[in-house]
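Read through the structure below, which is laid out as structure tokens, and then see the notes.
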Amino acid sequence: MKENLILLSLAIGSLFNVGFAQSQNTAQEHLTQLNQVKTTVINDPFWNPKFALWSTTTAMDVLDKFEGKHVKSSKEQRKNNVLENFDKVASGKKGQHVGLPWFDGLIYESIRGIGDLVGRYPDAALQIRLDGIIDRIDAAQQSDQHGYLNTYTDLMEPNHRWGDNGGFLRYQHDVYNAGMLVEAGVHYYRATGKTKLLGVATRYANYMSGLMGSPPKRNIVPAHAGPEEALIKLYWLYKAEPGLKQKLNVPVNEQAYFDLARFWIENRGQHAGYPLWLSWGNDRSEAWIKQEKYKEGNAGAGTRPTWGDYAQDSISVFKQKTIEGHAVRATLLATGITAAALETHEAPYMLTADRLWDNMTGQRMFVTGGVGAIHDDEKFGADYFLPTDAYLETCAAVGAGFFSQRMNELTGNGKYMDEFERVLYNNVLTGVSLSGKQYTYQNPLNAHKHSRWEWHSCPCCPPMFLKMVSALPDFIYSSAKDRVYVNLFIGSTATIQLADNKQINLEQKTEYPWKGNIAFVVNPDSETNFSLMLRIPGWARGKENPMDLYRSDLTAPFTIRVNGKPVKAKLEDGYAVIERKWKKADQVTLELPMKPRMIVANDHVKDLKDMIALASGPIIYCLEAVDNPGLDSIGIAAAPMKLEFRKNLLNGVNIVTGNAVAKDGKTISFQAVPYYASGNREGAGYKVWIPRE
């Protein structure tokens, strides 16, 4: 496989220069890799109330519901208490697993997200609660000499570890759960400095890296992506903090963790060639695997079954021309590929990530940033299949957001943060109600009836939501050599370290996304030359989508001032470059054109022909039936629209008002609210895409 990758790398070397050499700065050698800024403190009128809610109400609500505290009787609570699975494993019991096999992973994801929030917003009670859960996880792992831990398999199918002896790994989620445990260990250590969960994670990584890999190790890959990036994070942690190894009673081999992540990526498509999921169907394919037919000689080369397009395992991921299969799995795998590229800069990884991202955002992403059009297998549809009633799982949007952020980190191109912002302000934010205690799983663009749920039989979306929003502060700023990048417009302060130990303190104030005014105060330790890179969103430059999937009628310009004087900054990869010798208290203002605009889809999107969507700034709007009687029988007129802030509506939002035309030809007024706020008053339905007049 490695030999093949070398040949592929040589073959696509010239193509790489086309795909990635957007920057003309030869000092960057066609690649501007950004460093995340970890010292950011948010102070923002839009985001502060949300973080206050999520770090208390939502965090506790998610843990309560995993412990069954949302049901009334104590008997029902015990039946729904997912954490008791760990206690049963620790005590050597068998049977009676609570929840689905991947609930372990959801607990670990919750620890990661809530732990990161606790690191920024200390809460003693929440910290004690998380530490208690970690103690139970540690006790469960201690019951196995190898460090293996998957409560479903342990309790229900103890002879089927890793899908052995007629097990079914795609359902059991052994590798996925392990990866989420590793990721939680890394994040919890970074957030709190505590090492117990990191020790659990490292023991597990040691076991897997000793078991899985090229012959004579075993050909086991995740049937659900996500562990790839998790192992790379573990590698990065020990690489950055070699002294940390001495604090653990666990051997550490960080290179083995990175090698395992590479194996999981590179060995997709290396299997027996069966079952044929699409033609056989799920039942026959599952039976074939449980009968271990893949071990028979006539099944073809390989020692494992294929997990199919659903799990990005039909062919080598480096040969994939489009992003396919289960949308959460696909976006998390792409994120892992991009993370590996950050470390190695190998052309096959970089070009593959580029190709998958272009296809996702250029042909398969919805205007809200949602991905995964089809209910069956929760998967991507064909190019330009963007129906208004699409599936659009919250988790898939989170995965798409993480993928875009990693691509920005890899390349320094602002277009990736444009799409991250689209995902964040729309399909991610809609995932949790304004109360902080109700959620969405599916997020269609138009819905006749759409209500939020208190809890779900597969509550994967709340933990993924918490992972995204808790990571958000790290994505606002980044740096590279003598450049400071402003990626997101969120009121905050940050300390940024540049080359030659230059230190910059940056303060940002804004009323974004409701207003387009953003102000910065730049405070270097001493007068120094560097470039301040301000992302100018595509929508503010008349480029609604980097791949022209959507376009709008916005024509108003943006303006930049330094110490009150207008400047004409050159644009480079979506950033305005302000290069000068900066001194203390220098002030920069950016004014973006915040006004209503109409969006139309590319002509290839047949489902959206003769329809428009409304937006202002990064926010996509919808018309809710509660505000617009007769919603199904109106079209939007081309008359001017008005943007107005309503303090007492939906916790304070901009609304868009204008004229619509009813079926009888009468002109009526309409009111549109942010898509993320839909379903918070009643579940009567809404529309993002509205017919033209």
Side-chain angles (χ1 to χ4, degrees), residues 1-6 141 144-150 153-154 157-170 172-183 185 200-235 238-239 250-274 289 292-297 299-307 311-318 333 336-337 339-340 343-344 346 348-349:
M1 182 65 182
K2 190 172 289 185
E3 190 175 8
N4 291 339
L5 285 179
I6 293 171
Q141 191 197 47
D144 183 80
Q145 61 176 335
H146 301 294
Y148 173 89
L149 176 59
N150 194 50
T153 304
D154 272 330
E157 303 183 41
N159 294 323
H160 292 164
R161 289 187 179 186
W162 313 116
D164 287 346
N165 305 313
F168 187 39
L169 184 62
R170 189 168 122 166
Q172 294 170 217
H173 281 68
D174 294 38
V175 189
Y176 175 75
N177 289 344
M180 296 307 95
L181 174 56
V182 169
E183 185 177 63
V200 174
T202 305
R203 280 193 292 273
Y204 216 156
N206 289 341
Y207 174 38
M208 290 191 293
S209 60
L211 177 70
M212 305 171 194
S214 301
K217 295 181 182 179
R218 296 187 55 189
N219 182 6
I220 298 173
V221 301
H224 191 308
E228 299 85 356
E229 187 189 28
L231 268 290
I232 293 171
K233 288 180 178 179
L234 188 65
Y235 161 77
Y238 286 123
K239 183 181 176 183
V250 184
V252 174
N253 181 359
E254 65 268 29
Q255 187 60 49
Y257 312 148
F258 185 73
D259 292 345
L260 179 57
R262 284 182 62 117
F263 173 80
W264 283 338
I265 293 168
E266 295 175 11
N267 249 48
R268 288 179 180 273
Q270 304 299 313
H271 45 62
Y274 293 90
I289 292 171
E292 299 186 273
K293 294 289 187 180
Y294 54 90
K295 291 186 176 181
E296 298 177 4
T303 58
R304 67 173 179 86
T306 173
W307 303 120
Q312 302 75 50
D313 190 40
S314 289
I315 61 173
S316 167
V317 70
F318 300 110
L333 176 60
I337 292 168
E343 181 65 21
T344 69
E346 291 178 9
Y349 281 78

When rounded to the nearest 0.5 angstrom, what distance separates [atom1] in [X] from [atom2] in [Y]?
X	Y	atom1	atom2	value
Gln270	Thr306	CD	OG1	10.5 Å
Arg161	Asp154	CZ	CG	5.0 Å
His224	Tyr176	NE2	OH	4.5 Å
Glu229	Glu183	CD	CD	6.0 Å

If you look at every heavy atom in [X] and [Y], which pair is closest and at what distance?
X	Y	result
His160	Asn165	NE2-O, 3.1 Å
Ile289	Tyr294	O-CE2, 3.5 Å
Leu181	Ala201	O-CB, 3.8 Å
Thr202	Pro251	CG2-O, 3.7 Å
Ala261	Ile232	CB-CG1, 3.7 Å
Ala340	Ile265	CB-CD1, 4.2 Å

For the side chain of [X] and the backbone of [Y], is there at least one donor-acceptor N/O pair under 3.5 Å apart?
X	Y	answer
Arg268	Ala311	yes
Tyr257	Asn253	yes
Gln172	Phe168	yes
Lys217	Met208	no

Do [X] and [Y] come close enough that some side-chain heavy atom pair is under 4.5 Å?
X	Y	value
Val221	Val175	no
Val182	Pro227	no
Leu169	Asp174	yes
Leu234	Phe258	no
Met212	Leu260	yes

Give the ring-plane orientation class for Tyr204 versus Tyr148, where under 30° counts as parallel, over 60° as perpendicular and anything between as tilted.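 Ring orientation of Tyr204 relative to Tyr148: perpendicular.
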
Test of understanding: with side-chain contact (heavy atoms from CB on, under 4.5 Å), list the residues that count as partners of Leu211, not counting sequence neighbours. Trp162, Tyr207, Arg218, Ile220

Test Arg262 against every option in Glu346, Glu228, Glu343 by the salt bridge (charged side-chain N to carboxylate O under 4.0 Å, His left out) rule and name the one that passes.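 Result for salt bridge (charged side-chain N to carboxylate O under 4.0 Å, His left out) with Arg262: Glu346.
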
I'd like to know if Arg304 pairs up with Asp313 as an ion pair, taking the criterion as any Lys NZ or Arg NE/NH1/NH2 lying under 4.0 Å from an Asp or Glu carboxylate oxygen.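 Looking at Arg304 and Asp313, the cut-off is met.
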
Side chains of Glu266 and Tyr349: do they bring a donor and an acceptor to under 3.5 Å?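 Present: a donor and an acceptor within the cut-off.
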
Evaluate Glu292 against Asp164 for side chain to side chain contact (heavy atoms under 4.5 Å, CB included), listing each step before the verdict. CA-CA 9 Å; Glu292 299 186 273; Asp164 287 346; 5.9 Å; no

